[in-house]
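Fair warning: this is a prediction, and the values are worked out from it, not measured in the lab. Ligands are counted one by one from 1 in listed order, and the atoms in each one are counted from 1 as well.
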Amino acid sequence: MASMEDRVLLGLNYARELYAEKGVDVDQAMERCGQVAISMHCWQGDDIMGCEAVGAGASGGIQTTGNYPGRARGGDELRADLNLALSLIPGRKKLNLHGNYAELKGRKADRDAYRPEDFAGWIDWAKAAGVGLDMNPTYFSHPKVKDGFTLASPDKGIRDFWIEHGKRCREIGQAFAKALGQPAVLNFWMPDGYKDTPADSTAPRRRMVESLDAIFADKSIDTQLVLDSVESKLFGIGVERYTVGSHELMLSYALTRGIMYTLDSGHFHPTEQIADKLSALLLYLPKLHLHVTRGIRWDSDHVVAFNDDLQYIMDEIVLGNYLDRVLIGLDYFDASINRLAAWVIGMRNTQKALLRSMLTPHKAILAAEEAGDWTSRFALQEEAKTLPFTAVWDAYCLKQGVPVGDSWLNQVKQYEKDVMFKRG
Ligand code: RNT
Ligand code: ZN
């Protein structure tokens with residue numbers, strides 16, 4: 001029997017020829033794919049519990065479901081899990097952190113007083129792991145979320161607290177960027193909203209805008225290093241009727257303030273796909289930020305699957321030539337399966353879809369469209385789906401030094417037995 005490596009090379013040679021015939025350079029596609037950074041969200045590893053003492057679990061309309069054993073408890077366990085996960089995922093990676101992952105080590109400070117030093121453990125880890133860091137202020141899971149409100153609260157004291165938190169997180173993001181030599185995305189998502197019909201839907205939005213303006217007024221932040229973004233949402237659990245930071249508000253805010261807008265694939269009507277929004281937004285926004293997730297019936301944040309929704313997003317980014325203007329991050333939290341495996345599956349799927357877009361024989365498909373021949377466009381699109389993509393994917397994994405096929409699963413199972421299941 002041929003070795004695994006020999007089989008992969010055999011497949012690659014076959015695929016190389018077939019794709020070349022269609023004008024696609026397989027080696028170039030693998031090279032390009034390896035350069036695109038995907039930001040992996042730290043919060044899949046511990047159900048967004050974080051490292052602070054507060055640690056109440058997710059609130060603010062988001063929810064992790066399931067109780068699979070072995071959840072990481074604190075920074076050290078999370079980083080250990082991350083090390084294994086990253087070794088099983090090809091391509092360039094960043095880690096996406098949240099404010100509640102500050103490691104205070106006994107220091108008495110609330111979220112309005114966090115400092116870059118509280119993230120020293122993460123910065124050191126990122127340096128050693130060779131990954132960049134992104135950041136999110138945490139406007140949930142905290143006693144100062146008053147009646148579901150943060151930056152849009154009618155209570156000035158509450159607003160001021162959360163404004164300070166936003167400022168601190170931008171300082172921390174700037175420290176990440178300086179330490180690691182690459183910009184940090186600063187993503188703002190606020191859960192503010194009402195379960196039922198508001199009597200005044202304007203005032204909270206006005207307050208939200210004023211609070212955000214107060215945060216971004218800090219000119220000590222270099223916006224080449226800190227890439228601010230605001231995330232919209234349709235609804236959350238217990239916030240079904242009215243979300244302050246709606247699509248219209250956040251998009252208008254981003255456009256008028258010259259910052260990024262975050263499209264989360266779970267934050268629209270369940271039948272609405274975000275892929276088609278990219279080219280429209282990118283006519284006006286210099287850059288976009290994505291939270292790729294998978295909603296089932298609602299914004300359920302299931303692990304990203306290798307499905308059409310994901311493929312359409314990657315196709316828009318790659319075939320629309322937007323790789324340098326769309327920053328890709330993942331955002332899901334499933335506690336019903338091994339959390340480390342969930343990272344690996346979602347990240348590998350994202351890489352798969354990205355590579356597959358890069359292997360699309362786009363020239364011929366585009367030519368058919370330009371000729372008004374939609375029959376050929378559809379025929380070629382459908383035939384492209386069964387080109388030997390998997391052979392290139394295997395070769396890409398081999399080249400990137402990560403497990404080929406499902407062989408990574410054994411490593412996770414072993415680790416789960418040796419480490420994760422021994423956690424209390
Ligand atoms: C919530 C938003 C937000 C969070 C993370 C944890 O609906 O999608 O991005 O999931 O910040
Ligand atoms: Zn999100």
Exercise for review: Give yes if a backbone or side-chain nitrogen or oxygen of Asp264 is under 3.5 Å from a nitrogen or oxygen of ligand 1, and no if not.
Suggested key: yes
Exercise for review: Kindly assign one of parallel, tilted or perpendicular to the pair Tyr68 and Phe421, based on the angle between their ring planes and the thresholds 30° and 60°.
Suggested key: tilted
Check your understanding: Under 30°, 30 to 60°, or over 60°: which ring-plane class applies to Phe306 and Phe389, parallel, tilted or perpendicular?
Key -> parallel
**Study point:** His291 neighbourhood, listing ligand 1 atoms whose heavy-atom distance to it stays under 4.0 Å
**Key:** 9 (O)
**Study point:** Parallel, tilted or perpendicular: rings of Phe149 and Tyr194 (30°, 60°)
**Key:** tilted
**Study point:** Any side-chain donor near an acceptor of the partner, Glu52 and Tyr114, under 3.5 Å
**Key:** yes
**Study point:** Which of the ligand 1 atoms, numbered from 1, are nearer than 4.0 Å to a heavy atom of His267
**Key:** 1 (C), 2 (C), 7 (O), 8 (O)
Check your understanding: Is the Tyr396 ring parallel, tilted or perpendicular to the Trp393 ring (thresholds 30°, 60°)?
Key -> tilted
Review point. At what distance is the nearest protein heavy atom to atom 7 (O) of ligand 1, and which residue and atom is it?
Key: Lys233 NZ, 2.7 Å
Review point. Would you call the rings of Trp162 and His142 parallel, tilted or perpendicular if under 30° counts as parallel and over 60° as perpendicular?
Key: perpendicular
Review point. Does Trp189 reach ligand 1 with a nitrogen or oxygen that is under 3.5 Å from one of the ligand's nitrogen or oxygen atoms?
Key: no
Check your understanding: Counting each atom of ligand 1 from 1 as listed, which ones have a heavy atom of Ile62 under 4.0 Å away?
Key -> 1 (C), 7 (O)
Review point. Do Asn410 and Lys413 have a side chain donor and acceptor closer than 3.5 Å?
Key: no
Check your understanding: What atoms of ligand 1 come closer than 4.0 angstrom to any heavy atom of Phe333?
Key -> 10 (O)
Check your understanding: For Val292 and Val304, which heavy atoms make the closest approach, and how far apart are they?
Key -> O-CG2, 3.6 Å
**Study point:** Closest protein heavy atom (residue, atom, distance) for atom 5 (C) of ligand 1
**Key:** His98 NE2, 3.6 Å
Point to revise | Shortest protein heavy-atom distance from atom 8 (O) of ligand 1, along with the residue and atom involved | key: Asp331 OD2, 2.8 Å
Study note, to complete from the structure: Note on the Zn ion (ligand 2): protein N/O/S atoms within less than 2.8 Å are Glu231 OE2, Asp264 OD2, His291 ND1, Asp331 OD2
Practice item. Say whether His291 and Thr293, considering side chains only, have a donor N or O and an acceptor N or O under 3.5 Å apart. Key: no
Point to revise | atom 9 (O) of ligand 1: the protein heavy-atom neighbour that sits closest, reported with distance to 0.1 Å | key: Glu231 OE1, 2.8 Å
**Study point:** Min side-chain heavy-atom separation Thr223-Asp228 under 4.5 Å
**Key:** yes
Review point. Are any of the heavy atoms in Asp299 under 4.0 Å away from ligand 1?
Key: yes
Revision key, fill the gap. Looking only at heavy atoms, the pair that brings Asp222 and Gln174 closest together is N-OE1, 2.7 Å
Check your understanding: Would Arg168 and Asp110 count as a salt bridge (charged side-chain N to carboxylate O under 4.0 Å, His left out) if you check the C-alpha gap in whole Å, the side-chain angles of each, and the deciding distance to 0.1 Å?
Key -> CA-CA 11 Å; Arg168 295 298 85 73; Asp110 207 342; over 6 Å; no
Study note, to complete from the structure: Within the 4.0 Å heavy-atom cut-off, what Asp301 brings close to ligand 1 is neither
